[in-house]
Structure formats: structure tokens, C-alpha cells
Amino acid sequence: MKYNFHDIERKWQKEWQRRKVYEPDLKNSKRPFYNLMMFPYPSGEGLHVGNVYAFTGSDIYGRFKRMQGYDVFEPIGLDGFGIHSENYALKIGKHPMEQAKITEKRFYEQLGAIGNGFAWDERLETYDPEYYKWTQWIFTRLFKRGLAYRKKQAVNWCPSCKTVLADEQVISGKCERCGAVVVKKELEQWFFRITKYADKLLRNLGKLDWSERVKIAQRNWIGRSEGAEVDFEVKTTEKLNYLILHGYTGSPQENKYPWIKKELEKRGYEVNIPKLPNTNDPSEQEQVNYVLENFTLDENTVLFGHSLGAIVALKVLQKANTPIAKLVLGAAALDPKFSRDSKRPFWDSFNWNFNYKKINDLVSDKVIISDVREPHRASYLRYLSEKLSARLAEEKSIKKHFTGSTEPAILNNLILSIRVFTTRPDTLFGATYMVLAPEHPLVQSLRPRIKNWHEVQRYIKSAAGRSEEERIAEGRVKTGIELKGIRAVNPATKKEIPVWVADYVLSSYGTGAIMAVPAHDERDFVFAKKYALPIVPVIKPVIIRQPPGAGARGMAAEETVIQSECWVGSGEMTNSGKFDGMDSEKAQWAITKAVGGARNVQYRLRDWLISRQRYWGPPIPMIYCASCAKAGKGEQKGMPGWYAVPEKDLPVKLPFLKDFRPRGKGKSPLASVKSFYEVRCPSCGKKARRETDVSDTFLDSAWYFLRYASVRDRRRAWDPAATRAWLPVNMYIGGAEHSVLHLLYSRFMAMAFHDMKLLRFDEPFTHFRAHGLLISEGAKMSKSKGNVVNPDEYIKKFGADALRMYLMFLAPFEQGGDFRDQGILGITRFLERAWKFGHVVSASPRPKDSGPEVFRLLNQTIKKVGEDIEALRYNTAVSALMILLNKIEADPQHTSLLTWNDFLKLLAPFAPHMSEELWGISGGRGSIHRASWPKHDPKVLREETFTLVVQVNGKMRDAVEASIGIGEKQARELALGRERVRTFLGGRTPKRIVYVPKRLVNIVV
RNA sequence: GGGCGAGUGGCGGAAUGGUAUACGCUCACGACUUAAAAUCGUGUGCCGUAAGGCAUGUGGGUUCGACUCCCACCUCGCCCACCA
């Protein structure tokens, strides 16, 4: 009776489905166990053997848990949306919607053939409108929660896929999907505010039972660093002068003005704060004319207006028609249209229309300061900042409306300064120059004061054109250009230092600017060497006492200031960034405070860029209404005109597009489909425009595990009762390549839903295990090497059981394995022998009890296989099964039916089809996969004798069977009495005899 | 450059600080066969006829005893990479 695996496997696969062996009762489960495997991304080539490897490992664990009495839920689905599928469709010239159907069929057939205990009734596909309806719903929820927002930023652009990419999808400067070199592009895009959870994502790792390497990868990716933010004052060649306009009912003698004047004059600036006419009943013309008659604006003027003074300032500038250095508006008075206040006397005499364009042309450096304690002003100030394209600084006042006797927030915005982030404030004394990222806004705002603007502009352009990869490929040759005419003041040394622009500073990390300390930072050192900048090591700083004095940011007065005792201007780097003697926490913060800096924590993690300018994904369910935007209306603060598609209108179905090719130019193909993007505004009903980008595939997979237990729920994304019963996931197994993508996004989702009270837990996977990489013939599988293993072929040739078991036998599951063609024969032989013996067992009389040796080995095997499965050491579990079968075969007359059936149970997770068939043959009831896992008897494990090893000087010289009850004295005597031992001793007397109970005697001479 | 992991027979790999090389592949020989395949049996780290000696990347250390623990170095793999 040859084992016909083909028929038997097919038979049981059908039968299991018919009998719903793997369908847990989702409504009433006593012992739920959610055993999840990462659902596959269905490629056109069909199921990869790597998928089979991962799924088998997960399935074995699930089957083991099921036999231990759990209701195991092991769902499966397809992650079929995304660039990968779309690119494949493009390649073969099929439409992704049609191709998806073909691939789906193929994948489910293949997944069925590997014999996993899948809960087929709960399968899902991410491109199914029933599914992505909820993906879109999630988007709208995140938007309403303020976790989804739009911003313009230099983003990663893949020129080949013609779409933007998240940071996580750029690997060494290349597109994760297609390998094309990624460039930076300035685009407005949707982001998810994952950074809001940076700290929690980091902290929670501690309580998760996950593969350590994945936790480490996440920790590194989040990249928390503690440091300080310090402002460096900027000095320009021509001295600035300040013209400050107070507000309604104000005067230069009141609140912050004297202090500001003093602070600015201390720094050597000319300051004018005129008393404006008719403060209590001001008129626009009168005030504007007064200012223009008494003061002359020029390109070194910093114009600051507070409250109504801000409005006057705008008019003054408009009328003066002279370029100035900088414009700062503090808590500007509200356009009556935006105000809910009672009528003010000046409302009639002021004209609230401005020539924004003219103002923009006259001054490029503009700041609008908004007091966070005055939320009613926020929307107008935001509107104003957009109109003026000014930086909106949200600051906290000392006294509401910035009316305190000191207002550091105002002062800091008046002074031109560069804010840097550093983890090493103790090296401040060694900061000899500064570097801004090419995209730093200050570079643009300082433009009129930069003497070599042409060269600077050329450099910035070339830096933007260069891809990340090029920068790396150039071997870290750093390039940059000095901003001539601009200097910064080192707040520690008070010395003026040059300011550079260089692309080795990243705009998206920290403040986009650094203080360069070439003596203590390798990158700065290289740069300084190249451009002959001073290198000053910081040596032995000392603490001196100083009278109280405010720092640049007006921090509380200090008693201790740390100063460097001596600097040595040698050109060499003192050491590799380690700075002995003063990097203690205390010193770090003392110095930070002394220079008016503030403690700060920075994360490497960036917000998740979610937009994709492609076709094959869920359309982003947002609508933009231009007329609402004009009126400053919108669903979310700071995003006028934007509305989420109402839930009743979901899903926003992806239309069938004949030409679905990516268009480039930063727009999705949907942007050219009028019938798609033309909609009514959900708020005002006027004509509006639908968002035409689709969302990132990783959003689809960031929540799929929540859907499985509720796939038939048409009213909700997930059913609360089912979710409470089955989630969080008890065991999640998948590839380590998702360490910082899928696994981080999913955690973010759970945390966001938790905070929205949509979930009771905030971590989706309590246990996660990363399986290793399956390679073939000693090398990574690739088409070019011709070593790709096709699972269909092996299933056809050897059967699913053999393939499963062989894959698991290769090496520890978490380590990965090397698929060698020859090796599978060993497993085939093992299975054939089991098959043969299974028939012998049922055909010939069996002893009632197994012999003691067989029985002991059985018990040992039960223990070992159970422990090995729990630890995912499948290779040694298989090996133990082989040893047991060898024994049974060698001693068939001492093997009882009971023992044989226990063997089959141990085999069942690995070879589910054959064990099921043999189970029936030897009289087992029901499915073996619902039978209970055997228990070992600890008493039986113990043997009566053991091999006592005899060592001389630590080397094994002899071995002798001894009774388990032997004492130390007897063991010594037994050892010393051995012939061979005497030979090795050669008459010498032992100096020492070490006895290890139940193991060995070591005679030392 | 940083992080993580791994170096054991011809190969995949196994070993709570205590018999290194389990289990399997390969190979050799034998049985069965007209023959081959399959199957079964025996053997298989290296040197040596043997006694014995030498072997867990290299060099040191701790220990009665180290693949295992500690230090330094080398090699390979994976992940990240100008994150201040």
C-alpha cells in the first residue's frame, strides 16, 4: 500500500471544510485563541514558498493550541491592493480589477493545498469594497480626531512608480517596491500623526512579548533622543533697527515695551517705540500717517505691531512701499468679520482689506504670533498667515494677549535667530559654525540679506535635485555654502560664527539646523576640514558662579554657569565624540539653562505619509470645498475647506478606469475623471472636489486583524462583542521585514482606536514571533540565480505533508532555513515508514501495554515535542518524532495501539493529512485535530540507570552504567576501580575528585 | 558608520557549564534484483594499522571541566544608515 498523498490530502482538505473542523464558534467561545499569520500580498507569480514556510510554522502552532483545548481562530485573507499588484497588472497588460480575481482564485487554491487549518468562512480581501469601506471609515475617524492632516513638505518621490512614499518605504534611498532611486519633491500630502504616539509606541514595547530583534528595530526606528533646543542669535552685516507699534489703548511705557526696548538695545540695536496718536479712539489714517511722517522704513527695519498695531503696521508697510527686513505681528486685532467681540470704536475707521501681494513682495521674513491662551483669535491669524505666507508661531504668553511685563515669546521672534537641537549641550563651547538644511525657511527669509544669494540659490537647487542615494554614493563627501553677510552668535562664547547651508543637515529632523562642533562630531569635523572652518575642542569646563542673568529666551535667572576653561585651537579631532568629564545630566542641563535653551526630546520617527498618486488603492474619502475654505469653514481646525465623506456615503468606490496608468506630475489617474472628483460639499452643498489620491497599502493591512472576527458585519468595522472575545491577537507570526512598517502602523492604529474608545486594548498583538528567512541552496532565492523553489511543484511531487515537515525540519523556525533539494527525501522516507507502520498496527494484534523502553521514550517525546512547539523549535520536534518512530519500528511487538495513537497526535500538527488518515485506520474517533494533546507522565521519564561518565583531568576516559540511586562514595569507587581509569592514572594519586550526581566523576591528578 | 544575529563533519543542523557532532542529507559497502531504481542493513569528523592524538572562526581568560561564560580580534548574514 503505497501512500497516495495526492488523493488523501485532497480528500481531507474537502472533508475538513465540510465538517468545519477549523471554524471556531465566534460568538460563544470558552477558550478563544487568535492565531494570526501575516496575510499574503498576492503577487502574480502565485504563492511563494516563503509564504508556505511562514504559514506552516504558524499553522503548527495553531494546531497544537487547538489540541490543547483552545478554540483556535486562524483566519486568512489577501492584501491585494497596492503598487505591487498594480505594477504587475501593468506589466502583463491586464486591468488590476480583473487580475485580482484571477490571482485570488489561484492563491486560495494554493493556500488550500498546503493543508492549513484556516477559518475559510472569515476570509477577506483588502480590495473588496465591503472591506475598504471601513478602511475609508478609519481615515475619516482619524481625520475627525486630528490624526490625519495635510501639509506641504519635501517628500520622497519614486519617479518610476510615480508616487510618493513613506519614510519606511525608502530603503537606502531606493523605492522598496521597484528599486528606483527616490528623489525629494515638494508636495502637499495627507499624513497620519503617528508621531503623537512616538512615546507610547516606545514605552509599550517593554510590556510586549515579541521577538527581541523586532522590538530593537522599532526602538531604533522611533529613535528617541533627549537633548536641548538652543537659540543662536543672527547678526547681519547691516545693523537692524526696530520700529514697534503698540495696540489699542496702549503706550510705550506699559507692559512689555520697556523690557523689550532694553533687551534689544542691550544687543546693540536701535529701537523706536512711538506713542501713537489717539490711542483710545484711533483712526487708521491718523496713525499710519503719524508713523510715516516720523520714521523711515528701510531694508534693515524690523517692523513689529501688536494687536491693533499689527493692522497699522500692515498699512504702514503697504503705504511706505519700501522693502524691510522683517515683519512681526503679535496677537493681531481681529477683522470684525471674524470677531465675536462687542463693537470696538475703531471698527468703522479702519479698512480691513490689505494688498497681500504687495506686502509679500516687500518683506519675505514674516511671523504671526498667536497666543495659545487666546483660541478665539486662532482662525483669523491662521487665515492671515496663509494670505501673507507668514510663519505662524503659536506661543504661550506670560500674561494673556502678551501683556506681561516681559514677553520672551515676542522678543524671541523679534530677534533673528536660529534654533538648533543638540543632544550634547556640553559641547556648545566648541560650536564654531552653524549649518542650515537647504529647505530651512530662514534661508528664504534671509534672502535679501545674503550677499552671495546667487550661489546659495544654485546650491539649494542642486541639493534638491540630488537623490538620497547620490548623497550616500558620494562617500559622504559633504558639500555646502556659506551664507555671506550672515553671522550667528554662539550663546556660550558670545563669539560670532559663520552660518552655512549644507545638505548633510536634514530638514525633517530636529529644527532643521545644527550647531556644528567639529571637534566632537565626526560629520562636522569632515565638513570643517574641507572648508577650513575652525576646530575648537572643549576641554575641562568649569563651573563658576555668576549673578542672575536672563538668557536669550528669558529663562529664569541662573546661579551657575558653566564655562570652558581653555580651548585649544589645534586642527585635530580630540576624540570620536566622547567627551569625558562633563556629560553628566546635571552639567548638560546647567549649560542648557545658562544659554537660555530648553530641554527637548526629539524622535526620529516622522509622520506617516499616506497619500499615493496611484490607482489601485482605496480612494481617500475626503472632499475639498473651495467656497467653505474662503469662508474659513471646515471640519478640522487649521484645515479650511476639508470635509470627510459622511459615513452614509461610504465606500467611495474606486471606479473602473480603463487607463489606470500613473500619470506623474504628483496626481493620481483619478484626478482626470470628472465624474469621480465632482461632488457636492457635504457642508454647504456647493460644488466641491473629491480627493483623488488613494491611500497607502499599509493602511489596509494596519487593521485587517480587527476585521476577521467581524467579516459579515455590514454595519460596523468590527463587532464589539466578537472583538472583546478574540482580540488582541494571542499569537502573531510573520516576517521580520515588517518590523518597522506594518507592525508599527498596526500598533499606532490600535492606540488611536483605543483613545477614541473604539477598542479596549491599545496593543494589537500580545505575542509576536518573527520567523527567519528561507533561502535555497545557500543563497537568497532569486529568479536570476534560478534557485526559486516553487511550492506547487513540491506538493505535486512529494505532497503537502512532506513539504511542510521538510520546511520545518531545516533549522530553527525563528532562524530561517536553507532549502536543499535532496533533503526532502529524508522526510518522505519517514512519512512512508509511518504510513507502513500505521497499517501494520491496525492489521496485527497489539500488546495491551507498550514495553518500558518504548513507553519511556514516548513520554520523553511527548514532553519534548510539546516544549519544542511552544518555543517554535520545530526542527528538533521533528527529529524527536523520527527517533520515536525508529524505536517503534525496531521494537514493534512492544508498541501498543495507545502508544501509536499518541505518536499520531504528536505528528498531527506537522503532517495533518496523513495523521488524520492513519488516525481513522487505527480506530481514532472524530478528527485527530480536535483530539486532545497527550500528556507525559513525569514518573515514567526517569530511568533506573544512567551512563556514569568517568573523566580524568576533564577528559572523558570511560563510561559505565550505574544505578540512578548511586551515592557519591560508590560512584567514586566505581570510577577508581575501572581498568581504563587506572591506566590513565598511571599510579598517580588523585588530587581531587569531582562528582556531579547522575552525570560524571572527574578525577584530577 | 550603527544595531542585531551567526561561525560546529562533505552539507542542513543538535547539545540546562558536564559523553561534542543528536536527527537528517550525501557518500561507501552489503542484502534484495537478470539489471537499475526504490527499499532494507552496516559504516561514515580528521590523523593513525593500533594504542592514542587532534578538532566547535582566531588568540587570551574564568573553571575540576567551556560550543556554551568573560575580554580582544577575524569572517559572514540581516536590518538601518549624514537623525546632530
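What's counted below: heavy atoms across the whole structure, side chains too, no hydrogens, waters or symmetry copies. Order of the sequence lines fixes the chain letters, A, B, ..., with proteins taken first and strands second; residue numbering starts at 1 for each chain. Given the structure is predicted, the values throughout are model-derived calculations rather than measurements.
Within the 4.5 Å cutoff, side-chain heavy atoms of A:I60 are placed close to those of A:Y874.
Counting any heavy atom pair closer than 4.0 Å across all strands shown, A:S225 reaches sugar-phosphate atoms only and no base atom. Looking at heavy-atom distances under 4.0 Å, A:R873 makes no contact with the nucleic acid at all. At a threshold of 4.0 angstrom between heavy atoms, the contacts of A:R224 with the nucleic acid are absent. A:R829 comes within contact range of the sugar-phosphate backbone alone, with a heavy-atom separation under 4.0 Å but no base atom that close. Residue contacts shown for A:F830 are absent, as no nucleic acid heavy atom lies under 4.0 Å away. If you check every strand for non-hydrogen atoms under 4.0 Å, A:A217 touches nothing. Within the nucleic acid shown, A:I514 comes within 4.0 Å of at least one base atom, counting heavy atoms only. Across all strands shown, A:N875 has heavy atoms under 4.0 Å from sugar-phosphate atoms exclusively, and none from any base.
Ring planes of A:Y531 and A:W500: tilted class, angle from 30 to 60°. Ring geometry for A:Y3 against A:W835 counts as tilted: the plane angle lies between 30° and 60°, on a 0 to 90° scale. A parallel orientation is assigned to the rings of A:W608 and A:Y745, their planes being inclined by less than 30° (bins at 30° and 60°).
Surrounding CD of A:E889 are more than 12 heavy atoms belonging to other residues, nucleotides or ligands, all under 6.0 Å away. For A:K998, the NZ atom counts as loosely surrounded, since its 6.0 Å shell holds 12 or fewer non-hydrogen atoms of other residues, nucleotides or ligands.
For the pair A:T423 and A:G954, nearest-nucleotide mapping onto RNA chain B gives the more 5' position to A:G954.
For A:Q822, a side-chain nitrogen or oxygen approaches OP1 or OP2 of B:U26 to under 4.0 Å. In terms of phosphate contacts, A:R957 brings a side-chain nitrogen or oxygen within less than 4.0 Å of OP1 or OP2 of B:G53. Proximity of A:R992 to the phosphate of B:C64: a side-chain N or O atom is located under 4.0 Å from OP1 or OP2. Under 4.0 angstrom from either OP1 or OP2 of B:A38 there lies no side-chain N or O belonging to A:K836. For A:T876, no side-chain nitrogen or oxygen approaches OP1 or OP2 of B:C23 to under 4.0 Å.
For the side chain to side chain contact (heavy atoms under 4.5 Å, CB included) criterion with A:Y995, the lone passing option out of A:N1002, A:I966, A:L1000 is A:I966.
Listed nucleotides: B:A84, B:A22, B:G52. Nearest to the side chain of A:Y509: B:A84. For A:N1002, taking side-chain heavy atoms from C-beta onward, the closest of the listed nucleotides B:G18, B:C79, B:U26 is B:G18.
Nucleotide B:C23 holds its C1' atom 13 Å from the CZ atom of A:F910, rounded to whole Å. At whole-Å resolution of the value, CZ in A:R980 and C1' in B:U19 are 13 Å apart. In this structure, NZ of A:K955 is placed 13 Å from P of B:G52, rounded to the nearest angstrom. One can place NZ of A:K887 at 18 Å from P of B:A22, the figure rounded to the nearest angstrom. The distance from atom CG of A:N953 to atom P of B:A66 is 11 Å, rounded to the nearest whole Å. Residue A:L506 contributes atom CG, which lies 11 Å from atom C1' of B:A81 at whole-angstrom precision. In this structure, the CE atom of A:M956 is 6 Å from the P atom of B:A20, given to the nearest Å. Regarding A:I993, its CD1 atom lies at a distance of 21 Å from the P atom of B:G18, rounded to whole Å.
Applying the side-chain contact (heavy atoms from CB on, under 4.5 Å) criterion to A:R988, with sequence neighbours excluded, gives A:V1005.
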| request: Starting at the 5' end of RNA chain B, write a dot or bracket for each base, bracketing those in Watson-Crick or G-U wobble pairs whose two distances are under 3.5 Å and using | for partners on another strand. | output: (((((((..(((.....[....))).(((((.......))))).(((....)))..(((((..]....))))))))))))....

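In this structure, B:G9 shows a glycosidic angle within 90 degrees of zero, which is the syn conformation.
Salt bridge present: A:E867 and A:K863 bring a charged side-chain N and a carboxylate O closer than 4.0 Å. Remark: A:E944 engages A:R856 in a salt bridge, criterion side-chain N to carboxylate O under 4.0 Å.
With rounding to the nearest 0.5 Å, the separation of OG1 in A:T427 from CG in A:D524 is 9.0 Å.
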| note | Scoring nucleotides 2-9 of chain B by protein non-hydrogen atoms under 4.0 Å (B base, S sugar-phosphate only, - none) yields -SS-----

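Residue A:R999 places a side-chain atom within donor-acceptor reach of the base of B:U16, judged by atom type and a 3.5 Å distance cut-off alone. Donor-acceptor pairing under 3.5 Å, judged by distance alone, is present between the side chain of A:K478 and the base of B:C82.
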